[in-house]
Amino acid sequence: MPDPMRSHTPDDRIGARDLTAWPTRSGRRLVALAAGLARRSRPAARSVVSWSSAHLAFVVFAAVALVVLVLLVEGTETVYEGVVGRDGITAVDQPVLDAAVSWRSPGLDAAVTAFTDVGGPVGMPVLVAVAVAVITWRRRRWTPVVLMLIAAAGSLAMTVVGKDFVDRARPPAALAVPPLEVSPSFPSGHTLNATVLTTVVVYLVLIETTAAWQRTLTITLGALFVLSMGLSRVFLGHHWLTDVLAGWLIGLAWAVAVLTAHRLWLTLRERPTPADPADPAETARPLPRTDLPS
(Lines give C-alpha, C1' and ligand atoms only; values in the text may rest on other atoms or scores of the structure.)
Protein backbone atom coordinates (compact mmCIF):
# COMPACT_ATOMS: atom_id res chain seq x y z
CA MET A 1 0.00 0.00 0.00
CA PRO A 2 1.45 3.42 -0.90
CA ASP A 3 2.42 5.77 1.89
CA PRO A 4 -0.26 8.51 2.11
CA MET A 5 2.38 10.97 3.29
CA ARG A 6 4.62 10.54 0.26
CA SER A 7 4.47 12.45 -2.98
CA HIS A 8 6.13 12.19 -6.36
CA THR A 9 5.95 15.94 -6.96
CA PRO A 10 9.36 17.64 -7.11
CA ASP A 11 10.67 19.13 -3.89
CA ASP A 12 14.17 20.06 -4.99
CA ARG A 13 13.49 23.26 -6.92
CA ILE A 14 12.48 26.84 -6.24
CA GLY A 15 11.27 28.13 -9.55
CA ALA A 16 14.05 27.49 -12.04
CA ARG A 17 16.67 27.02 -9.32
CA ASP A 18 17.83 23.49 -8.64
CA LEU A 19 18.43 23.15 -4.90
CA THR A 20 20.77 20.20 -5.51
CA ALA A 21 23.11 22.30 -7.68
CA TRP A 22 26.11 23.90 -5.94
CA PRO A 23 27.73 26.31 -8.41
CA THR A 24 30.44 27.57 -6.07
CA ARG A 25 33.61 25.71 -5.12
CA SER A 26 32.88 26.16 -1.41
CA GLY A 27 29.43 24.66 -1.91
CA ARG A 28 30.84 21.61 -3.67
CA ARG A 29 33.42 21.19 -0.93
CA LEU A 30 30.64 21.31 1.65
CA VAL A 31 28.76 18.55 -0.18
CA ALA A 32 31.89 16.41 -0.34
CA LEU A 33 32.61 17.00 3.36
CA ALA A 34 29.03 16.16 4.37
CA ALA A 35 29.09 13.01 2.27
CA GLY A 36 32.38 11.93 3.82
CA LEU A 37 31.17 12.52 7.36
CA ALA A 38 27.97 10.62 6.61
CA ARG A 39 29.87 7.63 5.24
CA ARG A 40 32.12 7.53 8.30
CA SER A 41 29.10 7.77 10.61
CA ARG A 42 27.15 4.95 8.99
CA PRO A 43 28.78 2.01 10.80
CA ALA A 44 27.99 3.52 14.21
CA ALA A 45 24.54 4.71 13.15
CA ARG A 46 23.61 1.31 11.71
CA SER A 47 23.58 -0.19 15.20
CA VAL A 48 20.80 2.24 16.12
CA VAL A 49 18.86 2.91 12.93
CA SER A 50 19.26 2.22 9.24
CA TRP A 51 19.69 5.58 7.55
CA SER A 52 20.97 6.53 4.15
CA SER A 53 23.97 8.82 3.73
CA ALA A 54 21.53 11.60 2.83
CA HIS A 55 19.81 11.29 6.20
CA LEU A 56 23.08 11.13 8.09
CA ALA A 57 24.45 14.15 6.24
CA PHE A 58 21.36 16.10 7.22
CA VAL A 59 21.59 15.15 10.89
CA VAL A 60 25.36 15.55 11.16
CA PHE A 61 25.43 18.96 9.49
CA ALA A 62 22.45 20.27 11.49
CA ALA A 63 23.96 19.02 14.75
CA VAL A 64 27.38 20.52 14.04
CA ALA A 65 25.83 23.82 12.98
CA LEU A 66 23.71 23.96 16.14
CA VAL A 67 26.71 23.28 18.40
CA VAL A 68 28.77 25.94 16.64
CA LEU A 69 25.99 28.53 16.84
CA VAL A 70 25.24 27.78 20.50
CA LEU A 71 28.94 28.19 21.32
CA LEU A 72 29.02 31.47 19.40
CA VAL A 73 25.95 32.72 21.27
CA GLU A 74 27.55 31.66 24.56
CA GLY A 75 30.75 33.42 23.56
CA THR A 76 28.97 36.70 22.94
CA GLU A 77 29.02 37.46 26.66
CA THR A 78 32.66 38.59 26.67
CA VAL A 79 32.39 40.54 23.42
CA TYR A 80 29.06 42.01 24.41
CA GLU A 81 30.27 43.33 27.75
CA GLY A 82 33.25 44.93 26.04
CA VAL A 83 31.05 46.73 23.57
CA VAL A 84 28.07 47.88 25.63
CA GLY A 85 29.42 47.94 29.16
CA ARG A 86 27.81 46.54 32.26
CA ASP A 87 24.97 49.09 32.24
CA GLY A 88 23.70 47.48 29.06
CA ILE A 89 23.07 50.74 27.19
CA THR A 90 24.84 51.43 23.91
CA ALA A 91 25.06 54.68 22.01
CA VAL A 92 21.97 53.78 19.94
CA ASP A 93 19.78 51.81 22.36
CA GLN A 94 18.66 54.65 24.61
CA PRO A 95 18.01 57.23 21.85
CA VAL A 96 15.96 54.67 19.87
CA LEU A 97 13.92 53.76 22.94
CA ASP A 98 13.35 57.44 23.74
CA ALA A 99 12.08 57.99 20.19
CA ALA A 100 9.72 55.01 20.52
CA VAL A 101 8.30 56.40 23.75
CA SER A 102 7.59 59.73 22.05
CA TRP A 103 5.56 57.99 19.30
CA ARG A 104 3.28 56.04 21.63
CA SER A 105 -0.44 56.49 22.03
CA PRO A 106 -3.08 54.26 23.69
CA GLY A 107 -4.44 53.02 20.38
CA LEU A 108 -1.03 52.37 18.82
CA ASP A 109 0.24 50.70 21.99
CA ALA A 110 -2.72 48.29 21.97
CA ALA A 111 -2.28 47.48 18.27
CA VAL A 112 1.45 46.81 18.57
CA THR A 113 0.89 44.70 21.70
CA ALA A 114 -1.65 42.58 19.83
CA PHE A 115 0.79 42.14 16.96
CA THR A 116 3.77 41.25 19.16
CA ASP A 117 1.65 38.59 20.90
CA VAL A 118 1.51 36.78 17.56
CA GLY A 119 5.25 36.18 17.90
CA GLY A 120 4.98 35.03 21.50
CA PRO A 121 5.29 31.54 23.02
CA VAL A 122 1.67 30.78 22.17
CA GLY A 123 0.88 32.75 19.03
CA MET A 124 3.97 31.85 16.98
CA PRO A 125 3.78 28.07 17.50
CA VAL A 126 0.09 28.06 16.57
CA LEU A 127 0.67 30.16 13.47
CA VAL A 128 3.59 28.01 12.33
CA ALA A 129 1.78 24.75 13.13
CA VAL A 130 -1.10 25.74 10.86
CA ALA A 131 1.25 26.73 8.04
CA VAL A 132 3.31 23.55 8.33
CA ALA A 133 0.18 21.38 8.52
CA VAL A 134 -1.11 22.86 5.26
CA ILE A 135 2.26 22.49 3.52
CA THR A 136 2.65 18.91 4.79
CA TRP A 137 -0.81 18.00 3.53
CA ARG A 138 -0.06 19.49 0.12
CA ARG A 139 3.37 17.93 -0.17
CA ARG A 140 2.36 14.54 1.24
CA ARG A 141 5.75 14.33 2.97
CA TRP A 142 6.88 14.68 6.56
CA THR A 143 9.79 16.91 5.49
CA PRO A 144 8.16 20.22 6.56
CA VAL A 145 7.40 18.85 10.01
CA VAL A 146 10.94 17.56 10.54
CA LEU A 147 12.56 20.77 9.29
CA MET A 148 10.38 22.91 11.52
CA LEU A 149 10.94 20.78 14.63
CA ILE A 150 14.71 20.96 14.18
CA ALA A 151 14.59 24.70 13.45
CA ALA A 152 12.40 25.37 16.50
CA ALA A 153 14.58 23.26 18.82
CA GLY A 154 17.72 25.09 17.77
CA SER A 155 16.02 28.47 18.05
CA LEU A 156 14.85 27.70 21.57
CA ALA A 157 18.30 26.44 22.57
CA MET A 158 20.04 29.60 21.38
CA THR A 159 17.47 31.84 23.04
CA VAL A 160 17.91 30.09 26.39
CA VAL A 161 21.71 30.01 26.14
CA GLY A 162 21.93 33.67 25.13
CA LYS A 163 19.68 34.88 27.93
CA ASP A 164 21.39 32.76 30.59
CA PHE A 165 24.96 33.69 29.65
CA VAL A 166 24.57 37.37 28.79
CA ASP A 167 21.91 38.07 31.44
CA ARG A 168 21.27 41.59 30.20
CA ALA A 169 18.70 43.76 31.96
CA ARG A 170 15.63 44.84 30.02
CA PRO A 171 14.81 48.53 29.53
CA PRO A 172 13.45 50.29 32.65
CA ALA A 173 9.88 49.28 33.52
CA ALA A 174 8.88 52.95 33.51
CA LEU A 175 9.62 53.06 29.76
CA ALA A 176 7.85 49.79 28.87
CA VAL A 177 4.26 49.14 27.86
CA PRO A 178 2.58 46.53 30.11
CA PRO A 179 2.45 43.59 30.45
CA LEU A 180 6.08 43.63 31.54
CA GLU A 181 8.49 40.74 31.00
CA VAL A 182 11.07 39.61 33.52
CA SER A 183 13.42 37.26 31.63
CA PRO A 184 16.85 38.54 30.53
CA SER A 185 16.80 40.84 27.54
CA PHE A 186 19.51 39.48 25.21
CA PRO A 187 18.71 38.22 22.64
CA SER A 188 15.10 39.02 21.84
CA GLY A 189 13.35 35.65 21.86
CA HIS A 190 10.36 36.95 19.90
CA THR A 191 12.70 38.23 17.19
CA LEU A 192 14.99 35.21 17.06
CA ASN A 193 12.15 32.68 16.94
CA ALA A 194 10.14 34.70 14.43
CA THR A 195 13.21 34.97 12.20
CA VAL A 196 13.95 31.24 12.26
CA LEU A 197 10.42 29.91 11.94
CA THR A 198 9.29 32.45 9.36
CA THR A 199 12.37 31.84 7.21
CA VAL A 200 11.73 28.09 7.18
CA VAL A 201 8.04 28.58 6.36
CA VAL A 202 8.94 30.95 3.52
CA TYR A 203 11.44 28.41 2.18
CA LEU A 204 8.83 25.65 2.21
CA VAL A 205 6.25 27.88 0.52
CA LEU A 206 8.77 28.84 -2.17
CA ILE A 207 9.22 25.17 -3.02
CA GLU A 208 5.44 24.86 -3.41
CA THR A 209 4.88 27.96 -5.54
CA THR A 210 5.09 28.04 -9.32
CA ALA A 211 4.63 31.71 -10.18
CA ALA A 212 7.32 34.35 -9.72
CA TRP A 213 4.85 36.84 -8.25
CA GLN A 214 3.89 34.30 -5.59
CA ARG A 215 7.50 33.86 -4.56
CA THR A 216 8.06 37.62 -4.49
CA LEU A 217 4.95 38.12 -2.36
CA THR A 218 5.95 35.32 0.01
CA ILE A 219 9.46 36.71 0.55
CA THR A 220 8.14 40.26 1.00
CA LEU A 221 5.50 39.28 3.55
CA GLY A 222 7.96 37.09 5.45
CA ALA A 223 10.58 39.84 5.62
CA LEU A 224 8.03 42.46 6.72
CA PHE A 225 6.72 40.16 9.43
CA VAL A 226 10.19 39.48 10.84
CA LEU A 227 11.24 43.13 10.71
CA SER A 228 7.98 44.31 12.26
CA MET A 229 8.15 41.73 15.03
CA GLY A 230 11.61 42.88 16.03
CA LEU A 231 10.76 46.58 15.91
CA SER A 232 7.58 45.98 17.92
CA ARG A 233 9.74 44.73 20.80
CA VAL A 234 11.70 47.98 20.81
CA PHE A 235 8.59 50.14 20.43
CA LEU A 236 6.98 48.53 23.49
CA GLY A 237 10.17 48.93 25.52
CA HIS A 238 10.50 45.19 26.07
CA HIS A 239 13.94 45.02 24.43
CA TRP A 240 16.85 47.22 23.47
CA LEU A 241 17.51 47.65 19.76
CA THR A 242 20.73 45.61 20.03
CA ASP A 243 18.76 42.69 21.52
CA VAL A 244 16.61 42.71 18.39
CA LEU A 245 19.58 43.03 16.03
CA ALA A 246 21.14 40.00 17.71
CA GLY A 247 17.88 38.08 17.33
CA TRP A 248 17.75 38.82 13.60
CA LEU A 249 21.38 37.83 13.00
CA ILE A 250 21.44 34.68 15.15
CA GLY A 251 18.05 33.58 13.86
CA LEU A 252 18.98 34.05 10.23
CA ALA A 253 22.25 32.16 10.73
CA TRP A 254 20.46 29.17 12.24
CA ALA A 255 17.70 29.21 9.60
CA VAL A 256 20.30 29.22 6.83
CA ALA A 257 22.05 26.28 8.51
CA VAL A 258 18.82 24.27 8.61
CA LEU A 259 18.02 25.04 4.98
CA THR A 260 21.57 24.15 3.95
CA ALA A 261 21.21 20.82 5.75
CA HIS A 262 18.02 20.20 3.80
CA ARG A 263 19.76 21.00 0.53
CA LEU A 264 22.56 18.59 1.43
CA TRP A 265 19.96 15.90 2.05
CA LEU A 266 18.32 16.60 -1.31
CA THR A 267 21.69 16.53 -3.06
CA LEU A 268 22.84 13.23 -1.61
CA ARG A 269 19.40 11.73 -2.12
CA GLU A 270 19.50 12.69 -5.79
CA ARG A 271 23.17 11.89 -6.36
CA PRO A 272 24.22 9.40 -3.69
CA THR A 273 27.92 9.16 -3.09
CA PRO A 274 29.83 5.90 -3.50
CA ALA A 275 29.43 3.56 -0.57
CA ASP A 276 32.17 2.75 1.87
CA PRO A 277 34.23 -0.02 0.20
CA ALA A 278 34.45 -1.76 3.55
CA ASP A 279 30.71 -2.34 3.49
CA PRO A 280 29.88 -5.04 0.88
CA ALA A 281 26.14 -4.63 1.42
CA GLU A 282 26.31 -0.97 0.54
CA THR A 283 28.50 -1.63 -2.46
CA ALA A 284 25.96 -4.08 -3.79
CA ARG A 285 23.03 -1.69 -3.86
CA PRO A 286 22.46 2.05 -4.41
CA LEU A 287 21.43 4.35 -1.60
CA PRO A 288 17.63 4.50 -1.31
CA ARG A 289 15.73 7.64 -2.18
CA THR A 290 13.65 8.27 0.87
CA ASP A 291 12.13 11.14 2.72
CA LEU A 292 13.40 12.62 5.97
CA PRO A 293 12.80 10.43 9.02
CA SER A 294 9.49 11.11 10.68
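Counting from 1, the numbers follow the sequence of the chain as shown.
Taken from OG1 in Thr143 to CE in Met148, the straight-line distance is 12.5 Å, to the nearest 0.5 Å. Rounding to the nearest 0.5 Å places CG of Leu264 at 11.5 Å from CG of Leu19.
Applying the salt bridge (Lys or Arg N to Asp or Glu O under 4.0 Å) test to pairs two or more places apart or on separate chains, those with a residue in residues 221-239 are Glu181-Arg233.
In this structure, the side chain of Arg28 engages the main chain of Pro23 through a donor-acceptor pair within 3.5 Å. Panel note: side chain Arg263, backbone Ala21; a donor-acceptor pair is recorded below 3.5 Å. In this structure a side-chain-to-backbone donor-acceptor pair under 3.5 Å is present from Thr209 to Leu206. Checking side-chain atoms of Asp243 against main-chain N and O of Trp240 turns up a donor-acceptor pair under 3.5 Å. Formation of a donor-acceptor pair under 3.5 Å by the Ser102 side chain with backbone atoms of Ala99 is found in this model. Distance alone, capped at 3.5 Å, places no donor-acceptor pair between the His190 side chain and the Asp117 backbone. Side-chain atoms of Asp93 come within 3.5 Å of backbone N or O of Thr242 as a donor-acceptor pair. Of the possible donor and acceptor atoms, none in the side chain of Ser155 sits under 3.5 Å from a partner among the backbone N and O of Ala152.
Between Leu33 and Arg29, every side-chain heavy-atom pair lies at or beyond the 4.5 Å cut-off. Between Lys163 and Pro187, the closest side-chain pair of non-hydrogen atoms falls below 4.5 Å. Side chains of Gln94 and Asp98 form a contact here, defined as non-hydrogen atoms less than 4.5 Å apart. A 4.5 Å side-chain heavy-atom check between Ser188 and Met229 finds every atom pair outside the cut-off.
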> Given the rule in the side-chain contact (heavy atoms from CB on, under 4.5 Å) test, do Val196 and Ile250 qualify, once you have shown the distances and angles that lead to the verdict?
Replying inline: CA-CA 9 Å; Val196 173; Ile250 296 169; over 6 Å; no

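In this structure, Thr113 and Asp109 approach most closely via the heavy-atom pair OG1-O, 2.8 Å. Among all heavy-atom pairs drawn from Val96 and Val234, the shortest one is CG1-CG1, 3.7 Å. Closest non-hydrogen pair, Trp142 versus Thr136, comes out as CE3-CG2, 4.3 Å. Across all their heavy atoms, Gly230 and Val244 have their closest contact at O-CG2, 3.3 Å. Contact record, Pro144 with Ile135: CG-CG2, 3.8 Å, taken as the closest heavy-atom pair. Nearest heavy-atom pair, Leu97 versus Gly237, reported as atom, atom and distance to 0.1 Å: CD1-CA, 3.7 Å.
With sequence neighbours excluded, no residue forms a ring-ring contact (aromatic ring centres under 6.0 Å, His included) with Phe235. Partners of Arg215 by salt bridge (charged side-chain N to carboxylate O under 4.0 Å, His left out), not counting sequence neighbours: none found.
For the pairing with Trp254, the side chain to side chain contact (heavy atoms under 4.5 Å, CB included) check across Thr195, Leu69, Leu259 returns one residue only, Leu69. Considering Val202, Thr198, Leu197 as possible partners of Val226, the one that fulfils the side chain to side chain contact (heavy atoms under 4.5 Å, CB included) test is Thr198.
Criterion: ILVMFWY side-chain heavy atoms under 4.5 Å apart, direct or through other members. Under it, Val177 and Trp103 are part of a common hydrophobic cluster. Taking hydrophobic clusters as Ile, Leu, Val, Met, Phe, Trp and Tyr residues chained together by side-chain heavy-atom distances below 4.5 Å, Val201 shares a cluster with Ile14. Val68 and Val161 fall within a single hydrophobic cluster, where Ile, Leu, Val, Met, Phe, Trp and Tyr are joined by side-chain heavy atoms under 4.5 Å apart, directly or via other members. Criterion: ILVMFWY side-chain heavy atoms under 4.5 Å apart, direct or through other members. Under it, Leu252 and Phe186 are not part of a common hydrophobic cluster. By the criterion of side-chain heavy atoms lying less than 4.5 angstrom apart, applied directly or through intervening Ile, Leu, Val, Met, Phe, Trp or Tyr residues, Ile207 is grouped together with Leu149 in one hydrophobic cluster.
The ring of His262 has its center closer than 6.0 angstrom to the ring center of Tyr203.
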